[in-house]
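Residue numbers start at 1 and run along the sequence shown.
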Amino acid sequence: MSIERPSRPAVSDYPNTNAHATELEEAKALFEKELSSPEDEWEDQGEREGVKLWKKVDPDNPYAVPTVKGETLVENVTSDAFLGGVIQLPGMRKLWDGRFVDGFQIARYSRTSYCFYSEMKGMGWLVYPRDIVGIQKNHGGETENGERTIIQTTVEETGLAPEQKGKTRATLKVSGWHFAPEGEHLKVTYIVNIALNGSIPYAMVSMLATETPLCCARSRDVYYEHGYAPFIRLNPPTEELSIIFQTESFSDPPATVDEPHPREYRCVLTTGQKTGETFEIEYDTKRMYREGIMVEIEGEGIEVDDDGNGRVKVTTKESGKDVVVVICPK
């Protein structure tokens, strides 16, 4: 049985803050422990491509993929733009993660939490492709350009995402990004503890231990080259809207370097019980859309206003309407 990619993944009791709460709390606690652990608990792997690298070998299973950590500085970017416009959208991830095949939401619990399915490439004929069913939660947002954290961990959702033939299901103990502003720049830390399961040659385990934290470098360089995709600028968590945010997506990279990138962003939402609610979508005027943007609405129930300086304001006019905001280059 294949896994459905729902166009409206929000659950019926959205916002639901209790879904997989235990798994998320445990993963967040582990991530914070690793993030704050002293350097002498890590094995220094030196520096590559401007990324400081560390690993921790599991003493109970020294042949498993170790916990890995990468850290780098990204210049002239906010935590909001890097999280929302570079790291989070699958279309952007395909530019910086060479092992990533695809990913999508299978259930949306709130504006900051959702269940996802993702696929990773195999390694030749020796190692099957891997897939993951997990939950993600974003933390932070109380202040503009403050500290932000993304936490992911494996969950059981056999009804929504049964095991797939030809793929080995990996167990993601924790995957976390931490974004800490330093003046105009951003300190980015990426920590991953994953069990790939199945049989993997040790040489490939060692390669993955280096490749994975280097995603810090590749995501940084994608930002320097392309800028960031549009993303929803949400109100602080204390100011909940009745709008149901369904999905955000960004077009995949072209198949060859000669083809133009569509750079199409789609925000799917359902207007809430209240009308007159507003939120903003931020877009990049320096790199991604230097020539400006076009904004289209599919459906009804909202109006939009582009200020021409990187902000599209969305205002709800009718309740209970499914609508899509589309942004693409002029």
[X] side chain to [Y] side chain, donor-acceptor N/O pair below 3.5 angstrom:
{"X": "Asn61", "Y": "Asp58", "answer": "no"}
{"X": "Thr22", "Y": "Glu25", "answer": "no"}
{"X": "Gln246", "Y": "Thr270", "answer": "yes"}
{"X": "Ser242", "Y": "Glu277", "answer": "yes"}
{"X": "Gln88", "Y": "Gln136", "answer": "yes"}
{"X": "Glu147", "Y": "His139", "answer": "no"}

Quick check on [X]: does its [atom1] atom have over 12 non-hydrogen neighbours (other residues, nucleotides or ligands) under 6.0 Å away?
{"X": "Gln273", "atom1": "CD", "value": "no"}
{"X": "Glu291", "atom1": "CD", "value": "yes"}
{"X": "Glu296", "atom1": "CD", "value": "no"}
{"X": "Arg311", "atom1": "CZ", "value": "yes"}
{"X": "Lys173", "atom1": "NZ", "value": "no"}

Verify whether the ring centers belonging to Phe245 and Phe279 lie closer than 6.0 Å.
->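 Yes - the distance between ring centres of Phe245 and Phe279 falls below the 6.0 Å cut-off.
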Centroid-to-centroid, Tyr14 to Tyr109, below 6.0 Å?
->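 No - the distance between ring centres of Tyr14 and Tyr109 does not fall below the 6.0 Å cut-off.
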Does a salt bridge link [X] with [Y], judged by any charged N lying under 4.0 Å from a carboxylate O?
{"X": "Arg169", "Y": "Glu163", "result": "no"}
{"X": "Lys313", "Y": "Glu280", "result": "no"}
{"X": "Glu264", "Y": "Arg266", "result": "yes"}
{"X": "Arg93", "Y": "Asp97", "result": "yes"}
{"X": "Arg233", "Y": "Glu144", "result": "yes"}
{"X": "Glu303", "Y": "Lys317", "result": "yes"}

Taking C-beta and beyond as the side chain, do [X] and [Y] meet within less than 4.5 Å on heavy atoms?
{"X": "Cys328", "Y": "Met294", "value": "yes"}
{"X": "Ile87", "Y": "Phe82", "value": "yes"}
{"X": "Ile3", "Y": "Phe104", "value": "yes"}
{"X": "Leu95", "Y": "His226", "value": "yes"}
{"X": "Ile281", "Y": "Ile327", "value": "yes"}
{"X": "Lys167", "Y": "Met120", "value": "no"}
{"X": "Ile302", "Y": "Val325", "value": "yes"}
{"X": "Asn138", "Y": "Thr149", "value": "no"}

Residues two or more places apart in sequence or in another chain: which of them pass ring-ring contact (aromatic ring centres under 6.0 Å, His included) with [X]?
{"X": "Phe116", "answer": "none"}
{"X": "Phe250", "answer": "His261"}
{"X": "Tyr228", "answer": "Phe231"}
{"X": "Tyr289", "answer": "none"}

Which atom pair, heavy atoms only, marks the closest approach of [X] to [Y]?
{"X": "Leu186", "Y": "Pro181", "result": "CD1-N, 3.7 Å"}
{"X": "Ser251", "Y": "Arg263", "result": "OG-N, 3.1 Å"}
{"X": "Arg99", "Y": "Gly122", "result": "NH2-O, 2.6 Å"}
{"X": "Asn309", "Y": "Thr285", "result": "C-CG2, 3.9 Å"}
{"X": "Ile135", "Y": "Ala19", "result": "CD1-O, 3.8 Å"}
{"X": "Asn145", "Y": "Asp80", "result": "N-OD2, 2.9 Å"}

Distance-only, no hydrogens or angles: does the [X] side chain make a donor-acceptor pair with backbone N or O of [Y] under 3.5 Å?
{"X": "Thr271", "Y": "Glu318", "answer": "yes"}
{"X": "Glu248", "Y": "Ile232", "answer": "yes"}
{"X": "Trp96", "Y": "Ala217", "answer": "no"}

For [X], salt bridge (charged side-chain N to carboxylate O under 4.0 Å, His left out) partners two or more places apart:
{"X": "Glu4", "answer": "none"}
{"X": "Lys94", "answer": "Asp102, Asp252"}
{"X": "Glu23", "answer": "none"}
{"X": "Glu41", "answer": "Lys56"}

Hydrophobic cluster of Val51, others only, ordered by chain and residue number, side-chain cut-off 4.5 Å |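 Once heavy-atom contacts under 4.5 Å are chained together, Val51 belongs with Leu53, Leu214.
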Members besides Val324 in its Ile/Leu/Val/Met/Phe/Trp/Tyr cluster (side-chain heavy atoms under 4.5 Å) |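 When side chains under 4.5 Å apart are linked, the cluster holding Val324 also contains Val268, Val326.
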Would a single hydrophobic cluster contain both [Y] and [X], if residues Ile, Leu, Val, Met, Phe, Trp and Tyr are joined by side-chain heavy-atom contacts under 4.5 Å?
{"X": "Tyr283", "Y": "Ile297", "answer": "yes"}
{"X": "Val65", "Y": "Trp54", "answer": "no"}
{"X": "Met92", "Y": "Tyr224", "answer": "yes"}
{"X": "Phe179", "Y": "Leu73", "answer": "no"}
{"X": "Leu160", "Y": "Val133", "answer": "yes"}

Summary of side chain to side chain donor-acceptor pair (under 3.5 Å) pairs that have at least one residue in residues 180-195, sequence neighbours excluded =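 Sorted pair list: Thr67-Asn193.
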Qualifying side chain to side chain donor-acceptor pair (under 3.5 Å) pairs, either residue in residues 210-219, two or more places apart =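 Of all non-adjacent pairs touching residues 210-219, none passes side chain to side chain donor-acceptor pair (under 3.5 Å).
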Rounded distance (nearest 0.5 Å) linking atom [atom1] of [X] with atom [atom2] of [Y]:
{"X": "Tyr128", "Y": "Arg130", "atom1": "OH", "atom2": "CZ", "result": "10.0 Å"}
{"X": "Arg148", "Y": "Thr78", "atom1": "CZ", "atom2": "OG1", "result": "8.0 Å"}
{"X": "Met288", "Y": "Arg290", "atom1": "CE", "atom2": "CZ", "result": "10.5 Å"}

Do we get Lys69 above Trp42's six-membered ring, with its NZ or CZ under 6.0 Å from the centre and within 45° of the axis?
->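 Positive - Lys69 is close enough to the ring of Trp42 and near enough to its axis.
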With a distance cut-off below 6.0 Å to the six-membered ring centre and an angular limit of 45° from the axis, does Arg287 pair with Tyr223 as a cation-pi contact?
->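 Checked: cation-pi criterion met.
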Test Thr171 against every option in Thr154, Asn197, Thr153 by the side chain to side chain donor-acceptor pair (under 3.5 Å) rule and name the one that passes.
->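 That would be Asn197; it is the only one of Thr154, Asn197, Thr153 passing the side chain to side chain donor-acceptor pair (under 3.5 Å) with Thr171.
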